Amino acid sequence: MGCVLTLVGFCLWVCLMSQSSIPVASQRSGGSENVEEGRVLINGRVAIGSTDDDFVCATLDWWPPDKCDYGNCSWGRASLLNLDLTNKILFNAIKAFSSLKIRMGGTLQDKVIYQRTSDQQPCAQFVKNSSEMFGFSEGCLPMSRWDELNQFFRDAGAVVIFGLNALSGRSIGMDGLATGAWNSSDAESLIQYTVNKGYTIHGWELGNELSGNGVGAGVAADQYASDINTLQSMVQKIYASYEVKPLVIGPGGFFDASWYTEFIDKTLKSLQVVTHHIYNLGPGVDDHLIDKILDPSYLDGGSKPFQDLQSILQTSATSATAWVGEAGGAYNSGHNHVTNAFAFSFWYLDQLGMASSYGTKTYCRQTLIGGNYGLLNTTTFVPNPDYYSALLWHRLMGRNVLSTSFNGTKKIRAYAHCSKQSPGITLLLINLDGNTTLRVQVSTENDGNNRTSTLQRKNQTQRSNFSSTREEYHLTAKDGDLHSQTLLLNGKVLTVNSSGSVPPLEPISVSSLDPITVAPFSVVFARFPDVNYPACSRSTQMEMDKFGLLIELLLFGILQPIICIFF
């Protein structure tokens, strides 16, 4: 294994030593009293990572209407069991992504049983009971509802991930530790029914927030690994005749380095995706959530679980990739007019940018609808600001992630990707300052040295590499109110029409040699269609895929004897 790691390190060193970079910048006369300059540098030689095409994901939960936090009952009829699947806005909101990953799960998934066709008794619903774990009794998923959900998601073009009950058959001690092996019979019945009906499930995830100390209950890493191995065997057996089989996913919990390390090392051949949850802003009742969201140092602290999990995966022999399986920012259902308002797009988009830069393949937002952090309003289904932020990311930010840095105020967050299904690159700029307009210079770092030059100073040959125009999408809150649930795109209010259709998200065109103005408390996506980076070429993507496969083979030891001869 040592010689393999030596080779990997050598390859990465060669890539880093050979890369060149091009920065991108912009400016426009600002409307605020304070105007500052800055510079973004984007390395375009080698991508620092890649995401899934359908990186953006949203969750649907099990909570009944009487789920309340701090006296606020925010869930309404947003449960998997009672959500109105005939609502046109809901359907169109999912359809607009083409396609959106939907992760069905949450706290109560480990108290759900699945109705079997042989059952004579009606499915029991969740009943509020303070003496029960999580405050509710056991509930049941009727197969008629499972049919409705699958038909709806098929028609809407969603990619479905389903969270299985991992506490089935276990005993929970006074210390909260769940002991005993997982009873997989109920899950096996559901999976077999799903296959028999011809429903497509992208992934089966085992358990919710049972890693480490767990929430409500915990499962030891070695036992959890054994259960994942059981699930993998079951999936292989039931889908034996299928060329493409669903992913096996876990553990869907909060990151604990030692627990995750043991879990990953014991599921090397059975686990395809490692999921973790993020609620790094603390409880939804906190009145200082916006202060945290606008604090660059606080946002920077959110990178640690991404970095640590990436390190574990890179040093392990696993081929599993990292997902964020659930992220609502503030736990216990979020905070009304914060986690469902414009202010939260700063946290959410920063998380998407940060997660992708650390190799995260998929990021599931809690929730699509429900609680105080839904992408859609729980009552009206009308999109909240983060819905449009997510849709713009999905349409503009491609798979390949580019190393990006900003020189200037710490209040600007900058991320860049190769553009989605189109030439060029897309730059995301987030201004956390409410009093300052940023004029961000676009510059170029020359090959082989650290000198930079602005686009305006480049010669005509260099200028020809860039198109005459770029596309800009400026997001601001109505009346500049961070608590607003109304979003403006380039100064125009975004709202669904009378038929429930999502409005077109149209950019403005700006000369590529002019600067972008990043207004106070605003978000800007800027797409440069003719910036031709090596990292964004089709051949580069193919080479990255081949390199990733080679590393997988090396890590599994297939080529280790050969490599050791030469290194």
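Since the model is a prediction, treat every value here as computed from it, not as a measurement. Note that these values count all heavy atoms, side chains included, but never hydrogens, waters or copies made by symmetry.
Between Tyr193 and Trp146, the ring center distance fails the sub-6.0 Å criterion.
Among the candidates Arg399, Lys420, Lys101, the single residue satisfying the salt bridge (charged side-chain N to carboxylate O under 4.0 Å, His left out) test with Asp52 is Lys101.
With sequence neighbours excluded, the residues that form a salt bridge (Lys or Arg N to Asp or Glu O under 4.0 Å) with Lys304 are Asp308. Qualifying ring-ring contact (aromatic ring centres under 6.0 Å, His included) partners for Phe344, counting only residues two or more places apart in sequence or in other chains: Trp347. In this view, Tyr239 and Tyr242 satisfy the ring-ring contact (aromatic ring centres under 6.0 Å, His included) rule, not counting sequence neighbours.
Here the side chains of Leu368 and Leu90 are in contact, with some heavy-atom distance below 4.5 Å. A heavy-atom distance below 4.5 Å is not found between the side chains of Leu375 and Asn384. Side-chain contact check for Gln351 versus Val324: every heavy-atom pair is 4.5 Å or farther apart. At least one side-chain heavy atom of Val502 sits under 4.5 Å from a side-chain heavy atom of Tyr388. The shortest side-chain heavy-atom distance between Leu149 and Leu60 does not fall under the 4.5 Å cut-off. Proximity of Ser422 to Arg527: side-chain heavy atoms (C-beta onward) are separated by under 4.5 Å at one or more points. Using a 4.5 Å cut-off on side-chain heavy atoms (C-beta onward), Gln272 and Val248 make contact. In this structure, the side chains of Thr339 and Gln366 stay at 4.5 Å or more apart for every pair of heavy atoms.
Using cut-offs of 30° and 60° on the angle between ring planes, the pair Phe306 and Tyr363 is tilted. Aromatic ring pairs are classed by plane angle as parallel below 30°, tilted from 30° to 60° and perpendicular above 60°; the pair Phe152 and Phe91 is perpendicular.
Judged purely by atom type and a 3.5 angstrom limit, Glu205 has no side-chain atom pairing as donor or acceptor with the backbone of Ile249. With Ser356 contributing its side chain and Gly353 its backbone, the two residues share a donor-acceptor pair below 3.5 Å. Trp182 places a side-chain N or O within donor-acceptor distance of the main-chain N or O of Asn165, the cut-off being under 3.5 Å. Not one N or O on the side chain of Asn400 forms a donor-acceptor pair closer than 3.5 Å with the backbone of Leu402. No donor-acceptor pair under 3.5 Å is formed between the side chain of Ser311 and the backbone N or O of Gln307. Lys266 places no side-chain N or O within donor-acceptor distance of the main-chain N or O of Asp222, the cut-off being under 3.5 Å. Between the side chain of Ser303 and the main chain of Asp300, a donor-acceptor pair closer than 3.5 Å is present. At least one donor-acceptor pair under 3.5 Å links the side chain of Thr267 to the backbone N or O of Phe263. Judged purely by atom type and a 3.5 angstrom limit, Gln310 uses its side chain to pair as donor or acceptor with the backbone of Tyr358. Under the 3.5 Å distance criterion, the side-chain polar atoms of Tyr224 are left unmatched by any main-chain donor or acceptor of Ala166.
When all heavy atoms are compared, the tightest approach of Ile42 to Ala416 is CD1-CB, 3.7 Å. The two residues Ser403 and Ile48 come nearest to each other via the heavy atoms CB-CG2, 3.6 Å. Summarising the geometry of Phe55 relative to Ala355, their closest heavy-atom pair is CZ-CB, 4.4 Å, with the distance given to 0.1 Å. In terms of heavy-atom proximity, Glu138 sits nearest to Lys111 at CG-O, 3.1 Å. Of all heavy-atom pairs spanning Leu391 and Ala96, the tightest one is CD1-O, 3.8 Å. Across all non-hydrogen atoms, the minimal contact from Arg145 to Leu80 is NE-O, 2.7 Å.
Atom CE of Met143 is separated from atom CZ of Arg116 by 10.0 Å, given to the nearest 0.5 angstrom. Between the CH2 atom of Trp204 and the CD1 atom of Ile191 there is a distance of 5.0 Å, given to the nearest 0.5 Å. Between Leu349 atom CG and Leu392 atom CG the span is 8.5 Å, to the nearest 0.5 Å. For the atom pair Glu471 CD and Phe528 CZ, the distance stands at 11.0 Å (nearest 0.5 Å). Between the CG atom in Leu271 and the OG atom in Ser319 there is a gap of 8.5 Å [rounded to 0.5 Å]. Rounding to the nearest 0.5 Å places CG of Leu167 at 4.0 Å from CG of Asp110.
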**Message:** side chain to side chain contact (heavy atoms under 4.5 Å, CB included) for Tyr260 and Ser211? Distances and angles first, verdict last.
**Reply:** CA-CA 8 Å; Tyr260 268 68; Ser211 58; 3.8 Å; yes
**Request:** Please report the C-alpha distance between Gln151 and Tyr199 in whole Å, then the side-chain angles of each, then the deciding distance to 0.1 Å, and finally whether the side chain to side chain contact (heavy atoms under 4.5 Å, CB included) criterion is met.
**Result:** CA-CA 8 Å; Gln151 291 162 9; Tyr199 302 143; 3.9 Å; yes
**Message:** Before you tell me yes or no, could you show the steps for Thr404 and Leu429 under side chain to side chain contact (heavy atoms under 4.5 Å, CB included), namely the whole-Å CA-CA distance, both residues' side-chain angles and the distance that decides it to 0.1 Å?
**Reply:** CA-CA 11 Å; Thr404 308; Leu429 297 171; over 6 Å; no
**Item:** Phe97 vs Tyr387, ring pair (Phe, Tyr, Trp, His ring centres under 6.0 Å): CA-CA, chis, key distance, verdict
**Value:** CA-CA 10 Å; Phe97 276 83; Tyr387 171 83; 5.7 Å; yes
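In summary, the side chains of Asn332 and Tyr279 do not present any donor paired with an acceptor at a separation below 3.5 Å, with no hydrogens or angles considered. At a cut-off of 3.5 Å, with distance as the only test, no side-chain donor of Arg103 or Thr362 sits close to an acceptor on the other residue. In the model, Thr426 has a side-chain atom that pairs as donor or acceptor with a side-chain atom of Ser419 under 3.5 Å. Donor-acceptor pairing under 3.5 Å is recorded for the side chains of Tyr415 and Asp350.
Few gaps surround CG on Asp186; more than 12 heavy atoms of other groups in view lie less than 6.0 Å from it.
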Show every donor-acceptor pair shorter than 3.5 Å between a side-chain atom in residues 228-235 and any protein atom, with sequence neighbours excluded, or say none if there are none.
| residue | atom | partner | partner atom | Å |
| --- | --- | --- | --- | --- |
| Asn229 | OD1 | Ser270 | OG | 2.4 |
| Asn229 | ND2 | Ala225 | O | 3.3 |
| Thr230 | OG1 | Ser226 | O | 3.2 |
| Gln232 | OE1 | Gln236 | NE2 | 2.7 |
| Gln232 | NE2 | Ser270 | O | 2.8 |
| Ser233 | OG | Asn229 | O | 3.1 |

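Among residue pairs with one or both ends in residues 355-368, those qualifying as salt bridge (charged side-chain N to carboxylate O under 4.0 Å, His left out) are Arg365-Asp386; sequence neighbours excluded. Applying the salt bridge (charged side-chain N to carboxylate O under 4.0 Å, His left out) rule to pairs touching residues 152-171 yields Arg170-Asp227, sequence neighbours excluded.
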